[in-house]
Asker: 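Please see the structure below; I have some questions.
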Amino acid sequence: MSDATHERPLEEGIERDFSRQMSYGDYLRLDTLLSAQRPLSDPPQHDELLFIIQHQTTELWLKLLVHELRSARLLLTTDDLAPALKRLARVKHVQHTITDQWSVLATLTPSEYAQIRPFLATSSGFQSAQYREVEFLLGNKSAEMVKVFAHDPVAQGELTTLLHEPSLYDEFLRYLGRQGYAVPAASLDRDWSQPYRSNPELVQMFAGVYATPEQHWGVYETCEELVDVEDNFQQWRFRHLQVVQRTIGHKTGTGGSSGVDFLRRALDLTFFPELYEVRTLIGE
């Protein structure tokens, strides 16, 4: 017989009294965080908690994405490329996490979701202000989208500001211009509120980077990091599309969109077009 007690006694130095000290729950404000899940279904539906937590945790990760992307953009304005790349590395890990989360929501069957859907009313992930902040920071600008947030002046103000500011990619191009790369003037000073349009001159400039990456390593690495970010974003979009299709088929979305068809059109959007177009020229 083993003498093991299968018990781990608390060490003497471990804090036990938090009546006057900050605890783990205090620091994270868990009383607020864990009371934010308030299902509305009547009679109560078991699966509504899953639906709420899925979207609340995604919003938390989106908050971190906005934080990191804003920082990376700012670092590029001061030519601090290395720490900007560190920010993008973290962005990619967060993207993997929120994409993987779709597999949890995918356990919700159409029949189960049908019991919850009436209580969502007109609310929809389409109305996520933080998701739109991420899109704006990456360059997918839309003045029409800003109008959706008229009910939330704070969110609308943040999006309006981002609409008229350079995106992360715009700041990368301006960084390249300061480093002596042949970035066309139209890419250095334009109406930042307009959706980005590909420039053939930039494709040729990037072709030179990819032709001799060892001579342009920092820029080359940044290009590939940005492609990773876009690739991850597209995987998130596609996974979202798949989960919606398996859950509601081709029903209209709760927010009034066409649902699956609307989501599918997003797959045609690109943030960094030249970084994909240049691949056709590599090796020619």
Side-chain angles (χ1 to χ4, degrees), residues 8-42 44-75 83-84 86-108 113 116 119-138 146 148-162 168 229 232-233 236 239-240 243 254-255:
R8 183 181 63 172
L10 289 182
E11 297 171 348
E12 285 300 318
I14 291 178
E15 297 290 346
R16 293 168 170 79
D17 182 2
F18 295 97
S19 58
R20 297 183 180 180
Q21 299 185 88
M22 183 170 64
S23 70
Y24 172 80
D26 294 333
Y27 178 71
L28 296 178
R29 299 190 180 185
L30 292 183
D31 54 343
T32 300
L33 182 65
L34 298 180
S35 64
Q37 297 75 47
R38 300 179 182 178
L40 298 178
S41 56
D42 185 18
Q45 298 299 316
H46 173 82
D47 298 296
E48 189 177 5
L49 186 61
L50 160 63
F51 192 84
I52 292 172
I53 289 176
Q54 168 86 23
H55 290 82
Q56 287 183 340
T57 52
T58 297
E59 288 295 327
L60 288 173
W61 286 121
L62 287 172
K63 184 173 184 176
L64 183 57
L65 284 179
V66 170
H67 177 68
E68 299 296 341
L69 289 171
R70 283 181 178 273
S71 178
R73 185 181 62 164
L74 180 61
L75 287 165
K86 175 62 187 296
R87 303 294 190 268
L88 293 183
R90 182 174 293 163
V91 163
K92 293 194 300 182
H93 284 290
V94 175
Q95 287 180 304
H96 288 308
T97 296
I98 63 174
T99 299
D100 288 344
Q101 283 189 181
W102 286 119
S103 63
V104 183
L105 193 62
T107 64
L108 190 67
Y113 179 65
I116 299 170
F119 302 96
L120 303 181
T122 55
S123 65
S124 168
F126 175 81
Q127 299 147 13
S128 169
Q130 291 194 123
Y131 176 82
R132 299 304 164 190
E133 286 187 51
V134 170
E135 284 205 319
F136 281 21
L137 282 163
L138 292 176
V146 177
V148 174
F149 298 92
H151 66 288
D152 186 343
V154 174
Q156 189 174 54
E158 291 288 349
L159 288 171
T160 300
T161 298
L162 287 175
L168 176 72
V229 168
N232 290 344
F233 203 98
W236 186 93
R239 194 72 184 98
H240 183 194
V243 172
T254 50

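These numbers were taken from a predicted model, which means no experiment stands behind them. Residue numbers run from 1 in the order of the sequence given.
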Asker: Is the backbone of Glu133 close enough, under 3.5 Å, to the side chain of Glu158 for a donor and an acceptor to pair up by distance?
Answerer: no
Asker: If you look at every heavy atom in Ala106 and Val243, which pair is closest and at what distance?
Answerer: CB-CG2, 4.2 Å
Asker: Distance-only, no hydrogens or angles: does the Arg132 side chain make a donor-acceptor pair with backbone N or O of Phe126 under 3.5 Å?
Answerer: yes
Asker: Could you walk me through whether Thr97 and Asp100 satisfy the side-chain hydrogen bond (donor to acceptor under 3.5 Å, both in side chains) test, starting with their C-alpha distance in whole Å, then the side-chain angles of each, then the deciding distance to 0.1 Å, before giving a yes or no?
Answerer: CA-CA 5 Å; Thr97 296; Asp100 288 344; 5.9 Å; no
Asker: Look only at the side chain of Ser123 and the backbone of Leu120, and say whether a donor-acceptor pair between them is shorter than 3.5 Å.
Answerer: yes
Asker: For His55, look at atom NE2 and say whether over 12 heavy atoms of other residues, nucleotides or ligands are found less than 6.0 Å away.
Answerer: yes
Asker: Does Ser23 use its side chain to pair, donor to acceptor, with the backbone of Asp26 at less than 3.5 Å?
Answerer: yes
Asker: Please give me the minimum heavy-atom distance between Ala36 and Gln56, naming the atom from each residue.
Answerer: O-NE2, 2.9 Å
Asker: To the closest 0.5 Å, what do you measure between CD (Gln37) and OG (Ser35)?
Answerer: 7.5 Å
Asker: Which of parallel (below 30°), tilted (30 to 60°) and perpendicular (above 60°) describes His96 and His93?
Answerer: perpendicular
Asker: Side-chain contact, heavy-atom cut-off 4.5 Å: Phe51 with Gln45?
Answerer: no
Asker: Let me know which of Lys92, Lys86, Lys63, Arg90 forms a salt bridge (charged side-chain N to carboxylate O under 4.0 Å, His left out) with Glu68.
Answerer: Arg90
Asker: Does Thr99 form a side-chain contact (heavy atoms from CB on, under 4.5 Å) with Asn232? I'd like the steps, not just the answer.
Answerer: CA-CA 8 Å; Thr99 299; Asn232 290 344; 5.9 Å; no
Asker: Please confirm whether the ring centroid of Phe18 lies under 6.0 Å from the ring centroid of Tyr24.
Answerer: no
Asker: As a quick check of understanding, evaluate side-chain contact (heavy atoms from CB on, under 4.5 Å) for Leu88 and Leu168, giving each step before the final call.
Answerer: CA-CA 11 Å; Leu88 293 183; Leu168 176 72; 3.9 Å; yes
Asker: Distance-only, no hydrogens or angles: does the Glu48 side chain make a donor-acceptor pair with backbone N or O of Pro44 under 3.5 Å?
Answerer: no
Asker: So Leu69 and Val91, side-chain contact (heavy atoms from CB on, under 4.5 Å) or not? Walk me through it.
Answerer: CA-CA 7 Å; Leu69 289 171; Val91 163; 4.0 Å; yes
Asker: Does Arg16, at its CZ atom, have more than 12 non-hydrogen atoms belonging to other residues, nucleotides or ligands within less than 6.0 Å?
Answerer: yes
Asker: Which word best sums up how the rings of His240 and Trp102 line up, parallel for under 30°, tilted for 30 to 60°, or perpendicular for over 60°?
Answerer: parallel
Asker: After noting the C-alpha distance and the side-chain angles of Thr107 and Leu50, does the key distance pass the side-chain contact (heavy atoms from CB on, under 4.5 Å) rule?
Answerer: CA-CA 10 Å; Thr107 64; Leu50 160 63; 3.9 Å; yes
Asker: Give a yes or no answer on whether the side chain of Glu59 reaches the backbone of Gln130 with a donor-acceptor pair at less than 3.5 Å.
Answerer: no
Asker: Under the side chain to side chain contact (heavy atoms under 4.5 Å, CB included) test against Arg70, which residue among Leu75, Leu65, Leu137 passes?
Answerer: Leu137
Asker: Are Tyr131 and Phe149 close enough that their ring centres sit under 6.0 Å apart?
Answerer: no
Asker: On a heavy-atom basis, which atom in Ile98 and which in Trp61 lie closest, and how many Å separate them?
Answerer: CG2-CB, 3.3 Å
Asker: Report the residue from Thr161, Val146, Val148 that forms a side chain to side chain contact (heavy atoms under 4.5 Å, CB included) with Gln156.
Answerer: Val146
Asker: Which atom names give the shortest non-hydrogen contact between Thr58 and Gln54, and what distance separates them?
Answerer: OG1-O, 2.9 Å
